[in-house]
Number of protein chains: 2
Amino acid sequence: MPETLTARDDEALAEQVYQLVLEAIVAGKYEQGARLRERELSELYNVSRIPVREAIQRLEQDGFVETFPRRGAVVRQLTLTDVNELFDVRLCLETFAARMAAARVAAGEPGGRLRELLDDARQAIDDGRSDDVVRLSAAFHAEIVRLSGNRLLIESVKPLFGRMRWIFGLAHNRSNELQRDEHMELCNAILGGKADLAYTLAYSHIELGREPVLKGLAQTLEP
Amino acid sequence: MPETLTARDDEALAEQVYQLVLEAIVAGKYEQGARLRERELSELYNVSRIPVREAIQRLEQDGFVETFPRRGAVVRQLTLTDVNELFDVRLCLETFAARMAAARVAAGEPGGRLRELLDDARQAIDDGRSDDVVRLSAAFHAEIVRLSGNRLLIESVKPLFGRMRWIFGLAHNRSNELQRDEHMELCNAILGGKADLAYTLAYSHIELGREPVLKGLAQTLEP
DNA sequence: AGTCTTTTTTTGGTATACAAAAAGTTCCGG
DNA sequence: CCGGAACTTTTTGTATACCAAAAAAAGACT
């Protein structure tokens, strides 16, 4: 479908290929252990093999594909273990981010786009734009990490967010309303500079998301 | 010095180049913002530019170099902020790993090479093999993460360990004896299946390492 | 000296080629 | 009919040569 031949734009070709393949994977167009052949992709997107190789390398590091020496890359298949691992690591990093973000706000740092994202989400929910709701929810979480001010943390979390998008694409989530309420509380804690509260709220918010996603994925996987 | 021309061994060339350049960076042979030119490296190691590019890409993702579009890669310079960020993220992930490792041991999982690494460290300290001491200390921390059983966590921590090696190379650490004592206690907690104790011990052990490293790096950086 | 212009380097990318390892296929014998 | 052995085709990993365009460096000119 997106047999776009990419010309020289403003971004590196490898980046564009990465985005396109990622989009295809997240959209479920490569299901199960499909092979990603370099020549295939380079012909599909009208680029040479080099950008394709770099894109695949990045896809591997971000956990979307698995490569085997001399056998190339295959699309990973998400397991329940993957989801559990992801939620565990998120619990580590995002709760810390929330605490740090609150502490920094308490120390006078600006609160970023947190409130704004929440307002946008309100609109998106009311308008029924469910894609935007998902996107804004992810952006909210990302913004908290950004507000932590820890660049290494931001780096470390980036691949997790990629995986989250994938997972949430496959396994649907619980009520947008409920989630937004939790986001709202968390936002208030952070902007109020209440570090411990922010930590606790982030923890329960993330943990509450685990079961529904596991159930959703189990359904998508089993039958 | 390592003007080795790499032939086809068992590992991919890109991997070898990555290791060689990383080694050079960690050893301080590229200090400050030195540029890494593709052609330069490909001639130095007698490989084509392709493996060099992939190696540089990985070096960037692991935080050793920074690349700018159309200007290539330069070796990053470590700042005190980098060190603080690293310790913060380590506190997140490694304490969690310690807790999980202990919980898994309590649930009957094997204790891995933890004790063995500790014994080796004892020997290395007694023999005054300080390089080995550092290596074994890193291996101990890595083993704990491995014992957590969370593959995503293992993946997420990998780049941190790379940075740690770099930092510990520049800024020397506190007494090996003290550190080994702490490792011993932590090891006992994990192998004893005491999750909360393992968490606490891991926390204080990591935190105790922060100040000395900061001081050491400040000295290396200032004059 | 300080800016404008020209040259040189260097990156990002293309195309093509090739050895070697997988994967696939055919053929063969039990 | 089925399991392997031998052959063929793909595909990866790498090399080489080349190009456009952006940076960096070097001149040139007030």
Side-chain angles (χ1 to χ4, degrees), chain A residues 2-22 24-25 30-62 64-77, chain B residues 2-22 24-25 30-62 64-77:
Chain A
E3 290 161 19
T4 9
L5 46 156
T6 20
R8 170 128 7 157
D9 283 325
D10 54 332
E11 256 181 346
L13 271 190
E15 175 66 21
Q16 296 183 48
V17 173
Y18 171 85
Q19 292 294 341
L20 287 169
V21 178
L22 190 156
I25 292 176
Y30 276 111
E31 53 203 308
Q32 66 167 80
R35 289 187 63 176
L36 290 183
R37 272 172 271 259
E38 294 183 0
R39 207 156 266 134
E40 215 170 79
L41 291 174
S42 69
E43 279 167 23
L44 175 60
Y45 297 123
N46 272 81
V47 296
S48 77
R49 282 171 59 202
I50 285 125
V52 171
R53 294 195 101 220
E54 299 194 351
I56 287 178
Q57 207 183 322
R58 286 197 46 203
L59 286 169
E60 182 184 21
Q61 283 152 340
D62 290 352
F64 294 102
V65 308
E66 203 165 355
T67 71
F68 305 92
R70 291 257 166 218
R71 293 205 290 126
V74 301
V75 179
R76 281 198 50 189
Q77 47 205 72
Chain B
E3 289 161 22
T4 10
L5 46 156
T6 21
R8 167 125 14 156
D9 285 323
D10 54 331
E11 257 183 343
L13 271 190
E15 175 66 21
Q16 296 182 47
V17 173
Y18 171 84
Q19 292 293 342
L20 287 169
V21 178
L22 189 156
I25 291 175
Y30 276 111
E31 53 203 306
Q32 64 168 84
R35 289 187 64 174
L36 291 182
R37 271 171 271 258
E38 293 182 1
R39 211 154 260 137
E40 215 170 79
L41 292 173
S42 68
E43 279 165 24
L44 175 60
Y45 297 123
N46 271 81
V47 296
S48 79
R49 282 172 59 201
I50 287 125
V52 171
R53 293 193 64 167
E54 298 194 352
I56 287 179
Q57 205 184 325
R58 286 197 45 202
L59 286 169
E60 182 184 20
Q61 282 150 342
D62 290 351
F64 294 102
V65 308
E66 204 165 354
T67 70
F68 305 92
R70 292 259 164 215
R71 292 204 291 128
V74 301
V75 179
R76 280 197 50 187
Q77 46 205 73

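Convention: sequence-line order gives letters A, B, ...; per-chain numbering from 1.
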Margin query: Please confirm whether the shortest side-chain N or O distance from A/Arg37 to OP1 or OP2 of D/dT11 is below 4.0 Å.
Written below: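 It does, given that an N or O in the side chain of A/Arg37 lies less than 4.0 Å from OP1 or OP2 of D/dT11.
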Next item on the list: Check whether any side-chain N or O of B/Arg39 sits under 4.0 Å from OP1 or OP2 of C/dT11, and answer yes or no.
Entry: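 So the side-chain polar atoms of B/Arg39 never come under 4.0 Å of the phosphate oxygens OP1 or OP2 of C/dT11.
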Within this structure, what is the [atom1]-to-[atom2] distance between [X] and [N], rounded to whole angstrom?
X	N	atom1	atom2	answer
B/Glu15	D/dG13	CD	C1'	14 Å
B/Ile56	C/dT10	CD1	C1'	12 Å
A/Leu36	D/dT11	CG	P	13 Å
A/Arg71	D/dT12	CZ	P	11 Å
A/Arg70	C/dA19	CZ	P	13 Å
B/Glu38	D/dA22	CD	C1'	14 Å
A/Gln57	D/dG13	CD	C1'	12 Å
A/Leu13	D/dA22	CG	P	14 Å

[X] side chain: which of [options] is closest?
X	options	result
A/Arg53	D/dG13, C/dT14, C/dT11	D/dG13
A/Ile50	C/dT14, C/dA23, D/dA15	C/dT14
B/Arg49	D/dA22, D/dT11, C/dG13	C/dG13

Notebook entry, point to check: If only atom types and distance count, is the side chain of B/Arg35 paired as donor or acceptor with the main-chain N or O of B/Arg71 below 3.5 Å?
Noted result: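 Present.
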Checklist line | Exercise: identify the closest heavy-atom pair between B/Val65 and B/Ala73 | finding: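 Smallest heavy-atom distance, with atoms named: CG2-CB, 4.1 Å.
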Notebook entry, point to check: Residues in salt bridge (charged side-chain N to carboxylate O under 4.0 Å, His left out) with A/Arg49, at least two apart?
Noted result: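 Testing A/Arg49 for salt bridge (charged side-chain N to carboxylate O under 4.0 Å, His left out), a comparison that skips the adjacent residues, returns A/Glu38.
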Next item on the list: With sequence neighbours excluded, tell me which residues meet salt bridge (charged side-chain N to carboxylate O under 4.0 Å, His left out) with A/Glu54.
Entry: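 A/Glu54 satisfies salt bridge (charged side-chain N to carboxylate O under 4.0 Å, His left out) with B/Arg53 only.
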